[in-house]
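Have a look at the structure below, then the notes.
None of the values given here were measured: they were computed from a predicted structure. The basis for the numbers below is simple: all heavy atoms, side chains too, and nothing from hydrogens, waters or symmetry mates. Atoms within a ligand are numbered from 1 in the order they appear, just like the ligands themselves.
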Amino acid sequence: MKILDKIYINGEFVTPHGTDTLTLNSPLNGEPLTQVRLADGLDTVNAVAAAKAALKTFSQTTKEARIGHLKSMHAVLKRRRNELISVMIEEYGCPLRFTTLLIDGAIDDFNNMAELLEHYDFTPRVGDSQVRLQPVGVVGVIVPWNSSNGFIATKVSAAIAAGCTCVVKPSELSARQTALMMECFHEAGLPKGVVNILNGTGALVGTEITENPDIAKITFTGSTAVGKIIAAGAVETMKRVTLELGGKSANIILDDADFAAAIPQALSACYINSGQACIAATRLLVPASRLDEVNRLISAAVGAIKVGNPAEADTAVGPMVSQTQYARVQDYIRLGIEEGATLLAGGLGKPEGLEDGNFVKATVFTDVRNDMRIAQEEIFGPVLCVIPYQDEADAVAIANDSPYGLAAYITAADKQRAYRLAAQIDAGRVCINGAFHDPLAPFGGFKQSGYGREFGVYGLDAYLEPKAIIG
Ligand code: NAD
């Protein structure tokens with residue numbers, strides 16, 4: 001078993017004051033993988049102090065210097081790409097095909113921010129005034145386990161580009177991925193204290209970050225429940241807050257679409273990251289008059305979805321990250337059956353031959369009503385809900401009848417029709433005809449999916465405080 005007993009503060013790998021330990025088991029077979037020693041509140045205070053001290057000089061560095069730091073981080077991540085991929089697969093169980101996308105995205109984040117910075121004007125003139133865009137200050141970065149290093153890359157690259165310093169708290173379930181990221185930041189040779197990283201719990205480290213008066217901004221990705229706790233706690237010191245929260249994204253297939261192509265794509269869009277993705281297209285909205293055809297196509301396509309070893313290139317669905325997550329998904333499958341949805345594929349229990357790991361069957365419920373809990377709540381596993389709609393207006397109403405508003409998907413032969421529909425959807429991102437991600441487009445949620453945006457220029461703006469100098 002690997003022992004991880006270091007955190008990264010002020011450019012050094014130090015032993016935490018915290019003495020609590022946590023054992024992480026393999027999601028593939030339940031074997032103990034890692035024992036991690038967790039940081040506590042005092043470690044967090046020390047990390048904040050280091051970030052605050054570093055801010056004095058880092059906030060004054062030139063744009064060119066910051067571009068240099070971003071490029072060197074890009075180079076380190078590129079060099080260590082294979083390690084980043086394999087540790088993510090081993091610790092988290094993310095299928096190779098998706099892990100590769102996420103890690104390549106993380107590597108690109110640093111380069112994209114460097115390129116954006118080249119042309120970014122930190123002192124634009126507005127009216128008769130000069131506006132100075134200043135770094136907001138020390139940033140608390142809190143991220144979940146489902147793409148831990150990906151989220152760190154998106155947030156920290158923007159923070160560095162703005163001239164901010166960071167205290168990073170990933171999920172304690174991602175301890176090995178976190179340890180590798182510490183090494184990468186160290187190797188990139190960033191000035192001491194610019195990036196500090198702690199393995200610790202939300203209750204201790206997360207709470208200290210939320211309440212510490214020397215932190216000016218929190219950027220959080222995670223559940224809506226924890227986002228609300230952070231937003232409420234941050235009010236006391238008026239921290240700026242960016243919240244990337246949960247989702248229950250609708251995927252609308254219009255009647256002119258090529259159903260034979262759209263249905264397998266819809267399964268992939270739901271089962272992305274084994275269903276443990278905020279942007280997963282978990283509600284498939286199809287014309288009621290074509291429901292039988294859709295059910296037939298799904299039954300034929302779902303057999304081709306391979307659930308199994310995430311290291312294999314053709315695996316679409318790996319294990320759930322933990323036994324807790326496995327049990328949560330099972331509870332939702334049970335609930336769907338109780339609520340009267342029709343189970344079309346998958347269901348309770350583990351797939352044959354995969355009994356040792358946290359594997360869930362690729363599951364589809366059909367003829368689901370949008371007011372059922374399985375259609376309203378985030379399951380975070382490979383469970384698709386097929387919901388019939390009567391006409392376009394009904395499809396929009398169902399898509400918008402959700403507490404969430406993170407992403408939506410539309411498939412149509414007539415792209416103009418899809419654009420017209422996109423304008424009516426309450427979500428921060430609408431992807432058309434299989435499109436998935438644009439690293440320069442803003443990303444964030446409407447409604448209870450959070451507030452603020454990441455990526456590109458909107459992402460950078462979120463780390464800057466505009467000051468008007470008038471006269
Ligand atoms: P979570 O909210 O339980 O935890 C996220 C992070 O918050 C972890 O680091 C955790 O330790 C920390 N935390 C927990 N309690 C805290 C507290 N009281 N104060 C401060 N920090 C605290 O989420 P999770 O289970 O790790 O991840 C899954 C959730 O993340 C899902 O709801 C998913 O939709 C969401 N998510 C959102 C996005 C997005 O971009 N919108 C992306 C990925 C995941």
Side-chain angles (χ1 to χ4, degrees), residues 20 22 24 36 38-41 44 92 94 98 102 105-106 109 140-155 167-175 177-178 197-212 215 218-234 236 239 241-249 272-282 320-322 324-329 332 377-381 402-407 427-429 437 442-455 459 462:
D20 286 352
L22 178 73
L24 300 177
V36 51
L38 299 168
D40 64 8
T44 316
Y92 164 41
C94 188
F98 194 62
L102 290 172
D109 280 343
V141 176
I142 306 180
V143 299
W145 40 262
N146 67 330
S147 169
S148 185
N149 285 342
F151 298 130
I152 293 175
T154 305
K155 293 171 189 303
V167 175
V168 183
K169 193 214 92 62
S171 165
E172 57 275 34
L173 299 185
S174 311
Q177 296 164 78
T178 302
I197 309 184
L198 305 164
N199 263 321
T201 61
L204 290 181
V205 178
T207 302
E208 180 58 40
I209 288 176
T210 305
E211 293 175 357
N212 194 299
I215 291 190
I218 296 184
T219 174
F220 172 77
T221 296
S223 62
T224 297
V226 173
K228 287 178 183 177
I229 295 171
I230 289 175
E236 188 56 33
K239 290 179 177 50
V241 182
T242 297
L243 298 174
E244 298 287 359
L245 309 177
K248 193 77 191 178
S249 302
I272 183 172
N273 205 353
S274 312
Q276 299 174 118
C278 55
I279 52 164
T282 46
M320 302 294 94
V321 67
S322 62
T324 312
Q325 189 63 20
Y326 169 81
R328 175 191 151 104
V329 179
Y332 271 109
E377 298 175 17
E378 191 181 45
I379 298 174
F380 233 54
S402 168
Y404 296 110
L406 190 60
R429 160 191 281 191
H437 182 54
F443 175 69
F446 281 28
K447 301 189 276 184
Q448 293 197 33
S449 290
Y451 40 72
R453 293 293 180 269
E454 299 199 285
F455 292 103

- prompt: Among protein heavy atoms, which sits nearest to atom 18 (N) of ligand 1, and what does the distance come to when rounded to 0.1 Å?
  reply: Ile229 CG2, 3.9 Å
query: Does the side chain of Leu38 reach to within under 4.5 Å of the side chain of Leu204, using non-hydrogen atoms?
result: no
query: Is there at least one protein heavy-atom neighbour under 4.0 Å from atom 34 (O) of ligand 1?
result: yes
message: My understanding is that only one of Leu406, Thr221, Thr224, Val226 makes a side chain to side chain contact (heavy atoms under 4.5 Å, CB included) with Leu245; could you say which?
response: Thr224
message: Within the structure, is a non-hydrogen atom of Gly445 found at a distance of less than 4.0 Å from ligand 1?
response: no
field: Minimum-distance protein heavy atom relative to atom 39 (C) of ligand 1
entry: Cys278 SG, 3.2 Å
query: Hey, does Phe380 have a side-chain heavy atom less than 4.5 Å from the side chain of Asn146?
result: yes
Nearest non-hydrogen protein atom, atom 31 (C) of ligand 1: Glu378 OE1, 3.3 Å
query: What part of Ala203 sits under 4.0 Å from ligand 1 if we count only heavy atoms: the side chain, the backbone, both or neither?
result: neither
- prompt: Do Lys447 and Pro403 come within less than 4.5 Å of each other through their side chains, counting heavy atoms only?
  reply: no
- request: Using a strict cut-off of less than 4.0 Å between a Lys/Arg side-chain nitrogen and an Asp/Glu carboxylate oxygen, indicate whether Glu172 and Lys169 qualify as a salt bridge.
  value: yes
query: Is any N or O atom of Thr201, backbone or side chain, closer than 3.5 Å to an N or O atom of ligand 1?
result: no
- prompt: For atom 7 (O) of ligand 1, what's the nearest protein heavy atom and its distance?
  reply: Phe220 CE1, 3.2 Å
message: Can you report which non-hydrogen protein atom sits closest to atom 1 (P) of ligand 1, along with the distance?
response: Ser223 OG, 3.6 Å
message: Does either side chain, that of Tyr332 or that of Glu377, offer a donor lying less than 3.5 Å from an acceptor on the other one?
response: yes
- line: Looking only at protein heavy atoms, what sits closest to atom 24 (P) of ligand 1 is Trp145 NE1, 3.4 Å
- request: Say whether, by atom type as modelled, one donor and one acceptor occur between the side chain of Arg453 and the main chain of Gly445 under 3.5 angstrom.
  value: yes
- prompt: For ligand 1, which atoms sit closer than 4.0 Å to a heavy atom of Gly246?
  reply: 34 (O)
message: Test your reading of the structure: does Lys169 have an N or O sitting under 3.5 Å from an N or O of ligand 1?
response: yes
query: What's the shortest distance from atom 8 (C) of ligand 1 to any protein heavy atom, and which residue and atom give it?
result: Val143 O, 3.5 Å
query: Any N or O of Leu245 that comes nearer than 3.5 Å to an N or O of ligand 1?
result: yes
- request: Nearest 0.5 Å please: distance from the OG1 atom of Thr207 over to the CD1 atom of Ile229.
  value: 8.0 Å
- request: Any atoms of ligand 1 less than 4.0 Å from a non-hydrogen atom of Phe443? List them with their elements.
  value: 40 (O)
message: Please work out, at 4.0 Å between heavy atoms, whether the side chain, the backbone, both, or neither of Ile279 comes within that distance of ligand 1.
response: neither
message: Quick check: do Phe443 and Glu244 have side-chain heavy atoms less than 4.5 Å from each other?
response: yes
task: May I ask whether Glu172 has any heavy atom positioned less than 4.0 angstrom from an atom of ligand 1?
output: yes
- prompt: For atom 28 (C) of ligand 1, which protein heavy atom lies nearest, and how many Å away is it?
  reply: Phe380 CE2, 3.6 Å
Residue pair Ile152 / Ile197, side-chain heavy-atom distance below 4.5 Å: no
query: Looking at Thr221, which atoms of ligand 1 are within less than 4.0 Å of one of its heavy atoms?
result: 5 (C), 36 (N), 37 (C), 38 (C), 39 (C), 40 (O), 42 (C), 43 (C), 44 (C)
message: Please list, in number order, the atoms of ligand 1 under 4.0 Å from a heavy atom of Gly206.
response: 19 (N), 20 (C), 21 (N)
query: Looking just at side-chain N and O atoms, do Thr219 and Lys155 make a donor-acceptor pair shorter than 3.5 Å?
result: yes
message: Using a 4.0 Å cut-off to any heavy atom of Pro170, which atoms of ligand 1 qualify?
response: 9 (O)
message: A side-chain contact here means heavy atoms from C-beta on lying under 4.5 Å apart; do Ile272 and Phe98 qualify?
response: yes
task: Could you tell me whether the side chain of Ile142 reaches within less than 4.5 Å of the side chain of Ile230, counting heavy atoms only?
output: yes
message: Please list, in number order, the atoms of ligand 1 under 4.0 Å from a heavy atom of Leu406.
response: 41 (N)
query: Which of the atoms of ligand 1 are close to Asn146, meaning less than 4.0 Å from one of its heavy atoms?
result: 43 (C), 44 (C)
- prompt: With side chains defined as the heavy atoms from C-beta onward, is the minimum distance between Leu173 and Tyr92 less than 4.5 Å?
  reply: no
- request: Could you list which atoms of ligand 1 come closer than 4.0 Å to a heavy atom of Ile230?
  value: 20 (C), 21 (N)
